[in-house]
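Data first, discussion second: the structure below is written as structure tokens.
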Amino acid sequence: MESIVDNNYSRIGGSLAGLLLLLVIVLAPSLVAARAQPELIGVKQGIVATAALQIRLPPSIRDEDIQWMALELDGIDVSQRVSLLVEGKQKIIQVAPSQPLTPGQHLLRLVRFSTNGSVTELGAWNFTVGAGQAVPAAANVQVQNELNISYRFNEDGGTDYGRKATINGTSQFQARIDKPGYQALGRVDLSYNSQLADVASVGSDPGADTGAIGADSGTNLLGGRHLDLGEYLVRVQNGNGTLGLAVGHQTLPKESLLVQNFSRRGVSINTVTTGKQASLTLYSMRTEPILGFEHGLGFSDPRHRVDGGVVTLNPIASAPGALAITTTYISGQGQDQNGVGQSAAMTAVSQGDGWSVAAEGHLFKQRLKIRAERAGTHFDYDGSATILDKKSDTASAALLEYSPWPQGKMINDTALQWSSGVGYQETGLYFMSLANPSMPSDITTSSAYSRLQFGGFGIGLSLDRQQNNVTDNPELSTQRNDQTALSVSYSPRQPSGEVKKSFWRSFLGQPSLAFSYNRQRQRHLYLPAGGFEPRQDIVQHSWQTDANFMHDSWSWSVSQLGGLQNDNTDESPDQRSHQTNLGLNIQIGQRLVLAAQWQIGKIHQLQIDNTTRNRVSSLSAQFALVPDTLTAALQLGLNHDRSNSDLRDNSSRTASFKLNWNRIKARGSRPGMALWLQGDWQYNRSTNITSVRTANYRVLLGISIDWGIQSRVGQ
């Protein structure tokens, strides 16, 4: 069972993984015990199957005790769905069933973890769902459609805008089925673009089945046909949530050194024990992101597929949330992790497998968080080409984070939160995972950070060091990157009640202030003899100050950015830069909104005495000619970029407008329709030794139709 109050934390780590892993397994959490007699309220015989269940806690139970409680409904942990209600001095925890309860007897238990590792039952209540009160099987279906038809009846300037008449549309279908034995959710996105098939697409798969370059090969990320499938997802799980199946676009669970933000089309199945002491997820996913009808399930081609599984164990039965051990294994093949199409001539497919073991725990009343991980991969970069041998390597990570008050400490009705941590991560030169392709290899990272938030005041400090050439290979250069970051923010509370406004309060309104500073040094510690890589030693300082001032009907903002860059090798000129931004937003009455932005910047290169100045300004207005029916919008922009060498002098001017008439408003399942007229104009002047001037414009007339359908079968 997991704690009622969920705690998320970041994951970093390093060569300390073995020691920390041992600490997590050996040490047991220190847990709080308190005497209490909670009371189940509002439960009668024959209650409605979807009714929320509420438990009133006695005053003797403190806030820090609640985080160590867990709630069971019919033997299933439902702590993640619990909310805390505060009514004066009373505290009430409430949970609503994720699906209608079946008729008959049900058991609700409230437990708390004790210091000796046992579970203390604070209360147990039996209640009945009457047969006449049970909710029948229900299906909820929603469909949202949007169609845009436009015709470009006027243009000039030689720019190729494509077809004059275009049709674009989207359709989003969502469905939910709730039955006593199972639950199903589904979402499908369709898109239509009359111009899409005009653009040649490149097949993402080599070989005879795809790979041809043509208008309808349709296997790349964008597809190649007018009507195509976007993202979709179908999830089915049994009544108690212990077994589930997912088909479509999904993100793999339990991120690690092997799997990081890996969202692809595929199939996964997961199961969890009744007490949530163990879980298993198996999956088969496409290596690269895809859209379209091709490869509908995402795992049909073994040359572009990642298969794997993840097992999580909670070995402490009395406190499952205190320690989790996760084991991950993946095996896959892939040609391009970025989803860009490949030509048919490219037949080499990278392939490899990997494993990972991670442990994470919460010690001392969740004040101390520990995570340690060790991973290894065996990877063949050119697959069947056999030019390169398979390479094996490892990676490790560790993190310790301490929070004196995990749920915050109240001081004079103001919450205080503070956390600090250290981490280390090391990745070998040949460590490569198809489910984490963006992870850099051959690098060590050490970090330390501290964050404090007290009411509207916040401050954070972090120190990071990255260094490559993990094995000290004399044939490779060694580069170090040190970075220090400081951030401070302040948003004072708005006074309650009527307060006489002084001149400064009338001008400043409700302020929000922020300051950040960053120092970074990149330098070579070692360069191999006879190498052609230039020595690097660059120090950069950057800072930014932001101030926003909110009023009831208007707001304004100002920000100042500065930068300083010194090259200690004198390979490049030192540089100074600054930029000032101003913003203003005003609402006049109920119909007119005005917004303006100004930006002034300068970059000065010292040794060559070259200065580049940039000015950007924009003005926009939105006016409701007829409220909720006829609106007009206008936007003007100016950009001027010039250097003191007179070799660079570029400027651009833009203007756009749109007139929108909501002819028919959508109500329920009745479609809505809007007619619109819009146009844009752009003028560019570029001077780089010679001067070039261009201008173009276009005007379009269109119609937009949107309608939604919502249907429910059952209650």
Exceeds 12 heavy-atom contacts within 6.0 angstrom, atom [atom1] of [X]:
{"X": "R653", "atom1": "CZ", "result": "no"}
{"X": "R187", "atom1": "CZ", "result": "yes"}
{"X": "K602", "atom1": "NZ", "result": "no"}

Margin query: Strictly by ring-ring contact (aromatic ring centres under 6.0 Å, His included), give each pair with a member in residues 244-269 just once, sequence neighbours left out.
Written below: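 Non-adjacent pairs meeting ring-ring contact (aromatic ring centres under 6.0 Å, His included): Y232-H249.
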Any idea which heavy atoms bring [X] and [Y] closest together, and the distance?
{"X": "F299", "Y": "V267", "result": "CE2-CG2, 3.2 Å"}
{"X": "M673", "Y": "I705", "result": "CG-CG1, 4.2 Å"}
{"X": "A632", "Y": "L659", "result": "CB-CD1, 3.9 Å"}
{"X": "Q250", "Y": "G266", "result": "NE2-O, 3.1 Å"}
{"X": "Q333", "Y": "T287", "result": "O-OG1, 2.6 Å"}
{"X": "L227", "Y": "F293", "result": "O-CE1, 3.7 Å"}

Would you call [X] and [Y] a side-chain contact if the rule is heavy atoms closer than 4.5 Å?
{"X": "R163", "Y": "R152", "answer": "no"}
{"X": "N614", "Y": "T612", "answer": "no"}
{"X": "L229", "Y": "R265", "answer": "yes"}
{"X": "F657", "Y": "L677", "answer": "yes"}
{"X": "N660", "Y": "K658", "answer": "yes"}
{"X": "Y192", "Y": "L190", "answer": "no"}
{"X": "L584", "Y": "W554", "answer": "yes"}
{"X": "D307", "Y": "Y329", "answer": "no"}

Inter-residue atom distance [X].[atom1] - [Y].[atom2], 0.5 Å rounding:
{"X": "T170", "Y": "N148", "atom1": "OG1", "atom2": "CG", "value": "8.0 Å"}
{"X": "W556", "Y": "M550", "atom1": "CH2", "atom2": "CE", "value": "13.0 Å"}
{"X": "D353", "Y": "L258", "atom1": "CG", "atom2": "CG", "value": "9.5 Å"}
{"X": "R264", "Y": "E288", "atom1": "CZ", "atom2": "CD", "value": "8.0 Å"}
{"X": "T580", "Y": "R615", "atom1": "OG1", "atom2": "CZ", "value": "11.5 Å"}
{"X": "I290", "Y": "M285", "atom1": "CD1", "atom2": "CE", "value": "10.0 Å"}

I'd like to know if the side chain of [X] reaches the main chain of [Y], judged simply by a donor and an acceptor atom lying under 3.5 Å from each other, with no hydrogens or angles considered.
{"X": "R591", "Y": "L625", "value": "yes"}
{"X": "R286", "Y": "L297", "value": "no"}
{"X": "N238", "Y": "L243", "value": "yes"}
{"X": "T631", "Y": "A624", "value": "no"}
{"X": "N436", "Y": "L257", "value": "yes"}
{"X": "Q678", "Y": "S656", "value": "no"}

Taking atom types as modelled, find out whether [X] and [Y] have a side-chain donor-acceptor pair closer than 3.5 angstrom.
{"X": "D228", "Y": "S191", "answer": "no"}
{"X": "D680", "Y": "N696", "answer": "no"}
{"X": "T654", "Y": "Q682", "answer": "no"}

Checklist line | side-chain contact (heavy atoms from CB on, under 4.5 Å) evaluation trace for D628 with K665 | finding: CA-CA 9 Å; D628 298 328; K665 297 179 182 179; 3.5 Å; yes
Next item on the list: Given side-chain contact (heavy atoms from CB on, under 4.5 Å), test Y151 with K164 step by step and report yes or no.
Entry: CA-CA 5 Å; Y151 178 76; K164 287 185 174 294; 3.9 Å; yes
Check: Given S433 and V259, is the side-chain contact (heavy atoms from CB on, under 4.5 Å) satisfied, shown in steps?
Finding: CA-CA 8 Å; S433 171; V259 179; 5.6 Å; no
Next item on the list: Please step through side chain to side chain donor-acceptor pair (under 3.5 Å) for the pair T166 and S194, ending with a clear verdict.
Entry: CA-CA 6 Å; T166 62; S194 62; 5.0 Å; no
Note to self: side-chain contact (heavy atoms from CB on, under 4.5 Å), that's the test. Do S559 and L561 meet it? Break it down for me.
What the structure shows: CA-CA 7 Å; S559 65; L561 294 79; 4.0 Å; yes
